[in-house]
Amino acid sequence: MKPIRVGLLGIGTVGAGTFNVLKRNQEEIRRRAGRGIEIVMVADLDTARATELTGGQCEVVNDANLVVDNPDIDIVVELIGGYGIAKTLVLKAIANGKHVVTANKALLALHGTEIFRAAQEKGVMVAFEAAVAGGIPIIKALREGLSANRIEWVAGIINGTTNFILSEMRDQGLDFDTVLKEAQRLGYAEADPTFDIEGVDAAHKATLMSAIAFGIPVQFDRAHVEGITKLSATDIRYAEQLGYRIKLLGIARRTAAGIELRVHPTLIPARRLIANVEGAMNAVLVQGDAVGATLYYGKGAGAEPTASAVIADLVDITRLATADPEHRVPHLAFQPDAMSDIPVLPMSEVTTSYYLRVCVADQLGVLADITRVLADATISIDAMLQKEPDEGKDHTDIILLTHQTQEKNVDAAIARIEALPTVQGKVTRIRLEQLA
Ligand code: HSE
C-alpha cells in the first residue's frame with residue numbers, strides 16, 4: 001500500500017521533532033500503521049530554515065494554503081498555534097476532505113464545536129492527542145482506555161511552566177517574580193508567559209478533558225481560570241507545615257448539579273503521588289467508577305514528547321482512514337448525537353475545601369470572632385495554625401483549613417471576616433482538594 005501523505009503547517013520545535021521522529025522510527029511506525037507515513041510538504045514562513053531542517057527531503061512552501069489545497073495530501077498537521085490563521089486553515093483542510101492532526105489546545109477549546117461539526121459532516125478525523133499534556137496519552141486513555149467507566153473526575157498538573165515555578169518557589173523559598181525570570185532564562189516559560197502563569201493554557205486543556213470525560217461540548221467560556229501570579233512563598237510554606245503542597249490543577253468534576261470546570265492553585269496532601277510531580281513534568285489523575293484512580297505522568301511539552309503524541313495520531317488516522325466514519329472513535333469520545341447538556345457550574349456553586357490565611361491583630365477574642373463567622377456560614381474547620389507574632393510586630397497570621405463547602409459560602413464568610421476591625425488586609429483563599 002502506498003504511504004499516507006502528510007502536510008505540515010509550521011516546522012518549529014514540535015514540527016521539527018515530528019519530522020525527526022517519523023524519520024528515525026519510520027520502519028517501526030510503518031509496521032504499526034500498516035503503511036508508511038510520509039511528510040511530503042511543509043509550509044513555514046522561514047523557508048530557509050524549513051529546508052535545512054527537512055534536508056531537502058520534502059517540498060517546502062511559505063504559503064500554508066498550498067498544503068491544505070494540495071489534492072495529494074491526506075493529513076494536515078497544524079502546528080501554527082493560536083486561533084487566527086490556524087482556524088481558517090484547519091477548516092479549509094476539513095472542507096477539502098483532509099484529516100487533521102493538531103496540537104492546538106487554544107483553537108479546540110474555543111472553536112472545537114464548530115471544528116468537530118465540520119469534520120463530522122465531511123467524514124474526516126480531527127485528532128488532538130498533543131493538545132493536552134504533550135507526550136502523555138491522556139486523550140487516548142480518557143476516550144478509549146477508560147470507556148467502560150463513568151468518569152467521576154479528572155485533576156491534572158497540565159502546565160509545565162507553572163509546575164516548574166511552583167517547585168522552585170517551594171524548594172528555594174523564592175518569590176514568584178524571581179522564579180519566573182529563571183524559568184524564562186531556562187527556556188521553560190515563553191517571553192510572554194501570560195497564558196501559562198494566568199492558568200489559561202491549563203484551562204484550555206482542562207476544557208478538552210472535560211468534554212471527552214463527560215461527553216459535553218467544549219466550553220472554555222464557562223471555565224473558572226485562575227493562575228499562580230498572586231501566590232506567595234509564605235502560603236507555600238504554611239501549606240507545607242500543614243502537610244500539603246500547592247499545585248496549579250485543572251479540575252473537571254461531575255456532580256449531581258452539573259460539571260465543575262476550574263483551574264486554580266490547589267493544596268493537595270503531600271503524600272499523594274501527584275503532589276510529588278515536580279519541575280516541568282505533567283500528570284493527570286482520573287477517577288473512574290470501575291477502575292478507581294489512575295495516574296498518567298510524563299513530559300507535557302518539548303519537541304519529541306509532543307511529536308510522540310502527534311505521530312500516535314498519524315498512526316491512528318492511517319489505520320482508520322479507510323474505515324467508515326461511524327466506525328471510528330468519536331472526536332469527543334461520545335457519539336455526536338449522544339452528547340450531554342448537563343451544565344458547567346458557575347464557580348459560586350462549586351464545592352471544595354479551603355485554606356484561608358487571615359492577618360490579625362494579636363488581641364483577645366480575634367480567633368473567636370473568625371470562627372463565629374465561619375460557623376454562621378456553616379463552614380466547618382478541619383485544621384488551624386496560628387503563628388507567634390514576629391519580634392516587635394503586633395499582628396500575626398491565622399491559617400484555617402475548612403471542610404468542604406460551597407464557594408459562595410466562603411465568599412460571604414470572607415467578606416464578613418475582612419470587615420472585622422481586628423483583621424488586616426485581604427484574606428488569602430486557596431482551594432484544597434484531598435484527591436482521595
Ligand atoms: N506552555 C505549556 C506548558 C506547554 O508550560 O506546559 C504547551 O502547552
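All ligand and atom numbering here is 1-based and tracks the order in the structure.
Between the choices D196, I197, N282, the shortest heavy-atom distance to atom 1 (N) of ligand 1 belongs to D196.
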(request) For E240 and I246, run side chain to side chain contact (heavy atoms under 4.5 Å, CB included): C-alpha distance rounded to whole Å, both residues' side-chain angles, the deciding distance at 0.1 Å, then the answer. (result) CA-CA 8 Å; E240 188 148 41; I246 300 181; over 6 Å; no

(message) Please determine whether side chain to side chain contact (heavy atoms under 4.5 Å, CB included) holds for the pair T234 and R357, giving the CA-CA distance in whole Å, both sets of side-chain angles, and the decisive distance to 0.1 Å.
(response) CA-CA 10 Å; T234 307; R357 174 164 59 84; 4.3 Å; yes

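Each of the atoms 2 (C), 8 (O) of ligand 1 lies under 4.0 Å from some heavy atom of D201.
To the nearest 0.5 Å, atom CD1 of residue I80 and atom CD1 of residue I11 are 12.5 Å apart. To the nearest 0.5 Å, atoms CG (N159) and NZ (K247) are separated by 12.0 Å.
Between R30 and E38, none of the side-chain N atoms (NZ, or NE/NH1/NH2) sits under 4.0 Å from a carboxylate O, so this pair counts as no salt bridge.
Looking at atom 5 (O) of ligand 1, its nearest protein heavy atom turns out to be T161 OG1, 2.6 Å. In this structure, the protein non-hydrogen atom closest to atom 4 (C) of ligand 1 is A301 CB, 3.8 Å. Protein heavy atom at the shortest distance from atom 7 (C) of ligand 1 is K105 NZ, 3.4 Å. For atom 6 (O) of ligand 1, the closest non-hydrogen atom on the protein side is G160 N, 2.7 Å.
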Show me the donor-acceptor pairs within less than 3.5 Å that the side chains of residues 340-351 make with the rest of the protein, sequence neighbours left out.
unit_1, atom_1, unit_2, atom_2, d
S340, OG, I342, N, 3.1
E349, OE2, K408, NZ, 3.3

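Assignment of H204 to the shell around ligand 1 is not supported, since no heavy atom sits closer than 4.0 Å.
Residue I158 has no N or O atom closer than 3.5 Å to an N or O atom of ligand 1.
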